[in-house]
Structures are given as structure tokens and as C-alpha cells.
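Worksheet: the structure to be examined is printed underneath.
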Amino acid sequence: IAHGYCKEIVGIMGENFTFPVKIDQKIVETVWKKNKDKVAEWEEQSKPTYFGPLRDRSVLMENGSLTIINLKNDDAGTYELVYRDYAEDHHLNFELLVLDSFPEPKISCNTSDGELVLNCTANFQWSLNYTWKLSNNPHSYWNQELSIPLQNVDLTTNATCIIKYSQTERSSEISLIQCLP
């Protein structure tokens, strides 16, 4: 009887969290449940109604997405979105994990083989998206490590490493002059 899928998602305690809902058709009714208990509902032409622990801490949008404000540990659980378009009911299931914190990335750098090598690390148990940005370059580099030929290193440049997981990101910055011997 369970149709749809269950998507595991992670939120960080104290942050605002929005369920990643993408619905293309027009919705006429939305019900969100957490562990089978109703937490929010909306019907066309009326304002959303909220229930239980999310009553004063959530926002239900007309596109079906639910935002929880100031995420708490006990917001973790199984959420189900039931929405109706003009034809039928649809179900989306989410397993929300709430983490205490999200680390700052650490940047290390060294020179080898004529290149300046920057490395970005973070102590986190899930796989992260890493992005590098250089202050003198509009491009982003989607990698945990960034190598720059020494002859191209501009001493006034800052390098920023951005880590992202789910909807949360943190960044750290280093000046390239700090990396050179």
C-alpha cells in the first residue's frame, strides 16, 4: 500500500529546514504527517492549519513544501506528505535526521611539483559536496582538493572552501600568501 518512496534527509539543529518537495501540478489539498500524526494541512481557498509540536514553528507553502523553523532534535522522524491534485492523491515520504551541528571546513595547503595544493576537510559522517572559489576567479571548482600552478598564484588571492550537505553549508577561507614557503 506504500507508494512513492522514502527519502532520507538531514537537517541541522537550530536551523530552518525545508522539505525538498518538487510538485509540478496544481495542488488542491495538502496534509503533512509526522509519525502518522497530522502536523499541517491546507485546502484550496483557505489558510494552512498547524497541529502539535510544529504549530508555532512551521510554514506550509502552496507548492506543498513544509518549512520547520528552529529545528529541534525531536523533529526527527518519518514525515509523509499527502497531496491531492484534481485527479488523485499522491504520497511522498521523508525520513528526517536531525544533527547537532555541522562542522567548519579546515583548509590545509602545501607546495609540491611546482603546484600549490589546497585541501579541504571536514569531520562529518556523510559525504559532502566540496566547492572552491578563488577571489580573483569567477569559476567554482567542485573538488575536495585544488591545485594551482605556482606561476599562476596571485599572492593577493583568497581561497574559500565551501562544504554542503542537504540544505546546509559552511565555508572557510585562506589567503594564498599563507601557503607559500
Side-chain angles (χ1 to χ4, degrees), residues 5-24 32 34 40 48 53-54 56-77 79 81 92-181:
Y5 65 101
C6 188
K7 182 175 166 77
E8 191 174 90
I9 45 180
V10 172
I12 309 298
M13 198 154 68
E15 298 198 352
N16 296 348
F17 177 81
T18 302
F19 287 90
V21 173
K22 303 243 183 315
I23 299 171
D24 298 331
W32 275 93
K34 177 190 173 202
L54 296 184
D56 303 320
R57 291 192 305 115
S58 59
V59 180
L60 179 56
M61 304 304 282
E62 281 186 27
N63 69 0
S65 71
L66 180 70
T67 299
I68 301 175
I69 293 148
N70 188 14
L71 206 57
K72 297 182 180 347
N73 261 333
D74 33 348
D75 292 330
Y79 287 79
L81 164 60
L92 293 174
N93 293 294
F94 300 93
E95 186 65 38
L96 175 62
L97 305 173
V98 178
L99 303 181
D100 292 341
S101 64
F102 192 64
E104 291 279 324
K106 306 240 182 310
I107 299 175
S108 59
C109 51
N110 59 29
T111 52
S112 82
D113 300 333
E115 296 208 309
L116 173 62
V117 179
L118 300 168
N119 201 350
C120 185
T121 55
N123 184 10
F124 194 65
Q125 67 248 49
W126 284 279
S127 66
L128 295 163
N129 290 325
Y130 290 88
T131 310
W132 285 98
K133 288 193 185 307
L134 298 173
S135 58
N136 65 347
N137 183 333
H139 298 291
S140 296
Y141 302 91
W142 303 91
N143 215 331
Q144 194 168 351
E145 195 175 273
L146 177 64
S147 296
I148 308 167
L150 283 175
Q151 69 266 23
N152 296 351
V153 171
D154 175 346
L155 297 181
T156 65
T157 298
N158 288 342
T160 304
C161 169
I162 302 147
I163 57 172
K164 185 168 171 134
Y165 186 84
S166 190
Q167 302 171 14
T168 302
E169 57 180 53
R170 296 271 185 279
S171 64
S172 292
E173 188 176 69
I174 193 169
S175 169
L176 296 187
I177 200 165
Q178 294 172 252
C179 294
L180 296 177

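Given the structure is predicted, the values throughout are model-derived calculations rather than measurements. Quick note: residue numbers are just sequence positions, from 1.
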task: Report yes if some heavy atom in the side chain of I9 is under 4.5 Å from a heavy atom in the side chain of P20; otherwise report no.
output: yes
From CG (L176) to CG (N136), nearest 0.5 Å: 7.5 Å
message: Measuring from atom CD1 of I12 to atom OH of Y165, what distance do you get when rounded to the nearest 0.5 angstrom?
response: 9.0 Å
- prompt: So, for N70 and G14, which heavy atoms are closest and what is the spacing to 0.1 Å?
  reply: OD1-CA, 3.3 Å
Non-neighbouring partners of Y79 that pass ring-ring contact (aromatic ring centres under 6.0 Å, His included), sequence neighbours left out: F19
task: Any chance you could lay out the side chain to side chain contact (heavy atoms under 4.5 Å, CB included) test for K72 and V98, step after step, and finish with the verdict?
output: CA-CA 7 Å; K72 297 182 180 347; V98 178; over 6 Å; no
List the atom pairs, donor and acceptor, that lie under 3.5 Å between side-chain atoms in residues 99-123 and the rest of the protein, sequence neighbours left out.
none

message: Would you say that L150 contacts L180 through its side chain, given a criterion of any heavy-atom pair below 4.5 Å between the two side chains?
response: yes
- request: Report the residue from I69, I68, T18 that forms a side chain to side chain contact (heavy atoms under 4.5 Å, CB included) with V59.
  value: I69
query: Between the side chains of N16 and T67, is a donor N or O closer than 3.5 angstrom to an acceptor N or O?
result: no
- prompt: Backbone N or O of S65 within a donor-acceptor pair of the W32 side chain at under 3.5 Å?
  reply: no
- request: Go through the structure and list residues passing side chain to side chain contact (heavy atoms under 4.5 Å, CB included) with N152, not counting sequence neighbours.
  value: I148, P149
- request: Considering non-hydrogen atoms only, spot the tightest contact between S58 and L54 and give its length.
  value: OG-O, 2.8 Å
field: Reported OG1-to-CD1 distance for the pair T157 and I174, which is rounded to 0.5 angstrom
entry: 12.5 Å
query: Are the side chains of F17 and D75 in touch, meaning some heavy atoms are under 4.5 Å apart?
result: no
- prompt: About how many Å separate CG of D154 and CG of L134, when rounded to the nearest 0.5 Å?
  reply: 10.0 Å
task: Not counting sequence neighbours, list each pair that qualifies as a side-chain hydrogen bond (donor to acceptor under 3.5 Å, both in side chains) and has a residue in residues 172-181.
output: T160-E173
- prompt: T131: what forms a side chain to side chain contact (heavy atoms under 4.5 Å, CB included) with it, not counting sequence neighbours?
  reply: S140, W142, I162
query: When rounded to the nearest 0.5 angstrom, what is the spacing between NE2 in H139 and NZ in K133?
result: 11.0 Å
field: Nearest-0.5 Å distance, NZ of residue K34 to CG of residue L66
entry: 11.5 Å
statement: Sequence neighbours excluded, the answer for ring-ring contact (aromatic ring centres under 6.0 Å, His included) partners of Y130 is none
